[in-house]
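Step one of this worksheet: look at the structure below.
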Amino acid sequence: MDWFPFLNSLRIAGISTFAVFFLGIFAAYYIARLPRVLKGVLDVFLTLPLVLPPTVVGYLLLRVLGPKRLIGSWVLATFGLKMTMTWWSAIFATTVVIFPLMYRTARGAFEAFDETLAWSGKTLGMSNSAIFWRIRMPACRQGILAGTVLAFARALGEYGATSMLAGYTPGRTATISTTVYQLWRTNDDRGAMTWVLINIGISALVLLAVNLLEKKQRDTERGVA
Amino acid sequence: MGLFVDIEKRLGAFRLRVRFEAEEGVTALLGASGCGKSMTLKCIAGIEKPDRGKIILDGVTLFDSEKHLSVKPQERRVGYLFQQYALFPTMTVEENVRCGVRERKDRRERAAEMIERMGLHGLEKRTPRQLSGGQQQRVALARILVNDPELLLLDEPFSALDSHLRFRMEGELRQLLREFRKPVLMVSHDREEVYRLSQRVIVLHDGSVETQGTREEVYRAPGTPAGALLTGCRNVSPVELREDGLLYARDWGIPLRLEGGHHDVGAVGIPMEALRPGPGENETRCRVLEVLENPCSLVLFLRPLTAPEDSTPLVMELPKGEWAAIAAEELTVSLPDAAILRLKGEA
């Protein structure tokens with residue numbers, strides 16, 4: 001059995017989740033402080049990938065990252081790298097698709113944060129970054145953790161934009177989701193079923209992990225553990 | 001030395017305009033909710049920015065709108081006890097207290113020392129939600145005191161506590177404040193708490209200072225209708241001069257004879273325990289509307305026969321035995337001149 005699609009999916013989802021973790025949190029933190037109109041506009045723009053069909057996202061990305069397009073041609077000319085049809089092209093696709101999940105859950109968590117905690121940190125002389133990392137983030141970790149896992153799970157299952165940017169090349173760009181489609185298309189029912197089961201297994205594991213983490217957190221807070 | 005505050009801030013239709021000084025010892029800001037007490041504290045701590053004015057602490061300017069100067073809250077050295085204490089929920093007691101230590105070295109030792117001093121020994125590894133309300137307040141105070149503030153701000157320090165705990169924590173706090181020897185500004189709407197804890201009282205009403213002075217002065221002569229109500233006077237009415245040349249308490253329709261004349265008197269206040277049953281000074285016949293029973297006394301709601309139907313009733317407190325002897329649907333009460341507070345302005 002060729003495990004490449006599994007490993008490829010994992011690294012694409014891992015890297016894009018890592019990127020979105022920081023991007024989403026900082027967007028949520030800073031956009032919450034903007035004037036109302038600008039906030040509204042940015043909010044719509046950043047949440048759009050959540051509701052757009054992934055093919056639309058894929059199409060738009062190809063319009064900028066394609067070898068003859070603005071960014072794609074520049075990268076090709078400067079570094080000699082083609083930004084599409086490689087395994088890492090899929091990272092751009094998944095990053096854009098999962099960004100709103102992280103951004104919105106982080107924003108919800110920040111909005112629920114009790115601002116007097118930050119005020120008391122300030123009067124005690126704590127720096128703004130200490131307040132962010134030691135008070136705000138830990139207090140919001142439930143929401144942020146949930147957002148991260150959700151984003152990771154979604155990245156693992158991304159198909160539409162990924163297939164447009166990275167295509168399907170066995171052993172090079174194949175992911176679990178593109179492999180399932182390819183195997184089904186070529187009447188390899190057994191193969192398709194195997195990957196379907198693997199996919200369900202991973203997703204179930206991820207969700208189980210979240211539940212366990214949340215329970216552990218509650219226990220520590222209550223002082224059971 | 002001490003604290004000087006002269007600030008102005010607009011928030012929608014609300015306008016805060018306060019000017020006062022606070023020396024060593026406890027100064028209380030007494031006011032109803034929404035009068036701007038907490039906003040004043042936030043401006044002093046640097047959490048909110050006044051539109052205009054000056055804040056000076058021990059000769060150091062913390063805020064000056066004309067010089068475009070506003071010291072960061074981190075550098076103001078103002079200890080702020082928040083209403084719900086604002087302990088960091090994800091940290092243990094000792095981590096919380098350590099956050100208050102400004103110096104990098106000896107952080108552990110200083111925190112441990114303060115934990116010991118505040119009687120929190122043995123609770124170091126607990127998280128805030130595993131503590132009782134009283135313990136939480138002690139942790140918050142430990143975290144503030146280890147920070148070595150030059151000024152202490154207490155925002156309704158006992159409002160988060162059950163009533164039986166309140167009394168005990170008040171005793172602890174009184175002790176602590178006696179040793180603090182720097183200015184303390186306390187915000188409260190509880191007149192008894194304010195009287196027990198503070199030396200000076202500032203009455204805030206609708207965003208501005210109405211009366212200030214020592215607690216005895218302010219409680220004896222609250223000056224304004226709002227001040228009278230806040231310091232516990234239950235009967236407040238504006239007065240008017242009628243054609244017969246007499247001064248009337250408008251709400252009760254009672255003519256008043258005030259010793260020393262009524263020059264400058266815009267309203268009067270009568271503490272509910274100062275009303276006496278039976279004839280005497282400024283007597284009036286009243287109908288008993290309602291009798292409320294307290295553990296040791298009764299509170300009577302009375303409407304003078306001269307008062308309009310929808311007027312605010314007079315409230316009188318009587319020892320239980322005394323009422324039993326005179327219980328009736330109508331009775332005469334007197335308003336002793338010496339107990340009548342002379343107030344200015346509208347109620």
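All values derive from a computational prediction rather than experimental measurement. Letters A, B, ... are given to chains in the order of the sequence lines, protein chains preceding strands, and every chain is numbered from 1. FYI, side chains are in, hydrogens and waters are out, and symmetry mates aren't considered; it's all heavy atoms of this structure.
Contacts between B:Arg76 and chain A at a heavy-atom distance below 4.5 Å are absent for every atom of the residue. Using a 4.5 Å cut-off between heavy atoms, B:Leu81 makes no contact with chain A at all. For B:Lys42, the part lying near chain A is the side chain, with the backbone staying farther off; criterion is any non-hydrogen pair under 4.5 Å.
Both tests hold for A:Arg11 against A:Trp87: distance to the six-membered ring centre under 6.0 Å, angle to the ring axis within 45°. B:Arg143 forms a cation-pi arrangement with B:Phe88, by the criterion of a distance under 6.0 Å to the ring centre and an angle within 45° of the ring axis. Cation-pi geometry between A:Arg154 and A:Phe152 is not met: the NZ or CZ atom fails to fall both under 6.0 Å from the ring centre and inside 45° of the normal.
A side-chain donor from one of A:Thr178 and A:Thr175 sits under 3.5 Å from a side-chain acceptor of the other. Side-chain contact annotation: B:Glu193 with B:Ser188, donor-acceptor N/O pair under 3.5 Å present.
Looking at B:Glu103 and B:Arg107, no side-chain N of the basic residue comes within less than 4.0 Å of a carboxylate O on the acidic one, giving no salt bridge.
With respect to chain A, the highest number of heavy-atom pairs below 4.5 Å among B:Ile144, B:Leu153, B:Asn147 belongs to B:Asn147.
Between A:Phe4 and A:Phe6, the distance from one ring center to the other does not fall under 6.0 angstrom. For A:Tyr29 and A:Phe132, the ring centers sit closer than 6.0 Å to each other.
Residues of residues 102-117 of chain A that come closer than 4.5 Å to chain B, counting heavy atoms only, are A:Thr116, A:Leu117, ordered by residue number.
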